[in-house]
Structures are given as C-alpha cells and as structure tokens.
Amino acid sequence: MKDLFVKTSNYVAFEAGINKALSRGAMEATNMLVYGPPGTGKTENIDYWAVQNEAIHLRANEGWTPRQFMKELATKAGIDASGSGQALFERLLAYMVGTGTPLVIDEVNFCLADNAAVMEKIRDFSDRTETLVVYAGDERVIPKIGRHAQIASRFAAVVEFKMATLADVRQLCDELAEVTIADDLVAEMHHKSGGRVRSVIDAIAVAERVGKKTGGQVCLADCVGMELLFDWQTRRSAIVKPLRKGV
C-alpha cells in the first residue's frame with residue numbers, strides 16, 4: 001500500500017474551515033473546532049495539517065491541568081519548562097508572538113474539566129497573540145463548550161467530520177492501493193466498513209493481497225469467502241458472501 005495522505009471530503013471541509021477562521025472578522029475569534037465520531041479520521045487529518053503548517057500538535061489527557069498543558073507546549077516548542085507558572089507563561093507568550101505558531105489540541109473533551117481551566121489558559125495565549133487554535137473532539141463536546149460563553153464566542157469555524165462516502169472509499173482505493181480495485185468491491189468495502197476509514201484501509205490491504213495474485217486487478221468475486229475486515233466494535237468479521245446468480 002502506498003504511503004500517502006488522501007484528501008477526502010472531510011479534509012476538504014477541514015481546509016475550508018481553516019480558511020474561514022483565518023479570514024475571520026473578529027480577531028479574537030481564533031478558534032476552530034473539528035468534531036465527529038471515532039473512525040472519521042479526525043486525528044490523521046489534523047496531524048497532517050499540523051505537519052504541513054508547522055503547527056504544534058498536543059493530545060489532551062484525562063486530568064490535564066493548565067500547568068501540564070504549558071509544560072507539554074514548552075517541550076514541543078523547545079522552551080525551558082522550569083520555574084513558576086507565570087515565568088513559563090511569559091516565555092511561551094513571547095515564543096508564540098514571535099513565531100505565530102498555530103496550535104492543534106486533540107481530545108479537547110479533556111480540556112473542559114475544572115470549569116474549562118485548560119481552555120481558559122489556551123484562551124489567554126490566543127487572545128494576546130491572535131494565534132489560530134484547532135481543537136478536535138467528539139460530538140459530545142459541543143454543548144460542553146457552549147456552557148462557557150467566553151470560550152464559545154471565540155470559535156470562527158466548526159467542522160463536522162462524517163463517515164466516508166462511497167466516493168471517498170473510491171478515492172482511497174485509487175490513491176492507496178497498488179492494484180486496481182473494481183467498483184463492486186469498493187461498494188462492498190463502503191458497506192461493510194460503515195464508512196470508518198480505518199476499516200477501509202484494512203479492506204484495501206486484503207484486496208491488495210488478492211490483486212497481486214490475480215494480475216493486478218481485483219473484484220468482489222475474487223474475494224468470496226475472505227475476511228474483508230474485522231469490526232472491533234461488534235467483534236465480527238466481515239466475510240464476503242458468494243454472489244447471487246446473475247450478479
């Protein structure tokens with residue numbers, strides 16, 4: 001399988017959100033939220049964007065405190081993390097003013113504990129530096145952020161990540177697979193995966209193994225009886241069933 005990042009419809013929507021945030025009218029509205037269920041590729045997409053734009057990507061953890069956030073940010077930025085909280089804040093503030101480095105915060109749900117203390121600290125930075133901050137989390141985070149008016153008012157864009165469409169799966173197969181995957185097998189991948197990108201990738205790997213034995217092309221009939229993917233949520237294998245007569 002090719003080692004490529006595929007810009008599916010979710011990434012296109014993500015980039016549109018970034019552009020909206022960067023062209024915002026209110027300069028204090030420096031935040032963007034990406035949300036959606038697991039399996040939609042949030043982490044992979046924001047990580048790709050972070051690398052391409054030299055942003056600092058942090059993953060929030062349960063029990064994260066403002067101090068821990070600042071220490072992790074300092075480590076990623078290559079800044080001395082010792083001393084008092086105020087001294088560390090001033091060093092980080094100077095760094096962000098000087099570089100304009102965007103921030104990407106994954107698992108934003110963990111930033112809302114203790115009356116959103118971590119998000120308030122991040123707001124301290126973004127308000128003073130007008131730095132773009134991209135947050136990512138699941139759909140449960142939206143009403144939680146909404147309870148904090150000072151924070152919610154600073155979101156210039158909100159982007160929902162959705163399960164992969166049939167066109168997305170076709171694109172993933174075309175750009176990642178080292179064999180040609182027929183439309184009927186693409187449709188089966190989309191159906192069996194429920195649009196979860198990780199499961200589609202697993203299915204492409206199976207199709208590749210078959211396709212390399214069938215002359216570089218693979219269709220649904222070539223995979224009958226095989227485990228196309230394993231659904232870890234239901235703990236069930238997706239086995240390709242024999243085709244109906246006339247199909």
Legend entry - Pairwise side-chain contact, L58 with L103, heavy-atom cut-off 4.5 Å (strictly under): no
Legend entry - Gap separating the CZ atom of F161 from the OG1 atom of T43, nearest 0.5 angstrom: 9.5 Å
Legend entry - With R147 via salt bridge (charged side-chain N to carboxylate O under 4.0 Å, His left out) - residues at least two apart: none
Legend entry - Residues, nucleotides or ligands: over 12 heavy atoms within 6.0 Å of K71 NZ: no
Legend entry - Stepwise side chain to side chain donor-acceptor pair (under 3.5 Å) test for D168 and T165: CA-CA 5 Å; D168 288 330; T165 64; 3.1 Å; yes
Inset, instruction - Determine, for Y48 and K7, whether the Lys NZ or Arg CZ falls below 6.0 Å from the six-membered ring centre while staying within 45 degrees of the axis. - result: no
Legend entry - Side-chain heavy atoms of F5 within contact of V51, under 4.5 Å: no
Legend entry - Residues, nucleotides or ligands: over 12 heavy atoms within 6.0 Å of Q52 CD: yes
Inset, instruction - Side-chain contact test, heavy atoms from C-beta onward, threshold under 4.5 Å: evaluate it for S126 versus N31 and give yes or no. - result: yes
Inset, instruction - May I ask you to say whether K42 pairs ionically with D138, meaning some side-chain N is under 4.0 Å from a carboxylate O? - result: no
Legend entry - Check: E44 and R198 side chains under 4.5 Å, non-hydrogen atoms: yes
Legend entry - Hydrophobic cluster membership, V200 vs I239, 4.5 Å side-chain cutoff: no
Inset, instruction - Could you check if a side-chain atom of N10 sits within less than 4.5 angstrom of a side-chain atom of F14, using non-hydrogen atoms only? - result: no
Inset, instruction - Write out all pairs satisfying ring-ring contact (aromatic ring centres under 6.0 Å, His included) with one or both partners inside residues 163-184, taking only residues at least two apart or from two chains. - result: none
Inset, instruction - Take E107 and W64 through the side chain to side chain donor-acceptor pair (under 3.5 Å) test and state the conclusion after the steps. - result: CA-CA 11 Å; E107 301 292 349; W64 227 29; over 6 Å; no
Inset, instruction - Look at D222 together with K213 and state whether they make a salt bridge at an N to O cut-off of under 4.0 Å. - result: no
Inset, instruction - Check side chain to side chain donor-acceptor pair (under 3.5 Å) between S84 and all other residues, then give those that pass, not counting sequence neighbours. - result: none
Legend entry - I145 side chain reached by I151 side chain, heavy atoms, under 4.5 Å: yes
Inset, instruction - Give, for atom CE of M96 and atom CZ of R91, the distance between the pair rounded to the nearest 0.5 Å. - result: 15.0 Å
Inset, instruction - For the residue pair Q86 and E90, confirm or rule out a side-chain donor-acceptor distance under 3.5 Å. - result: yes
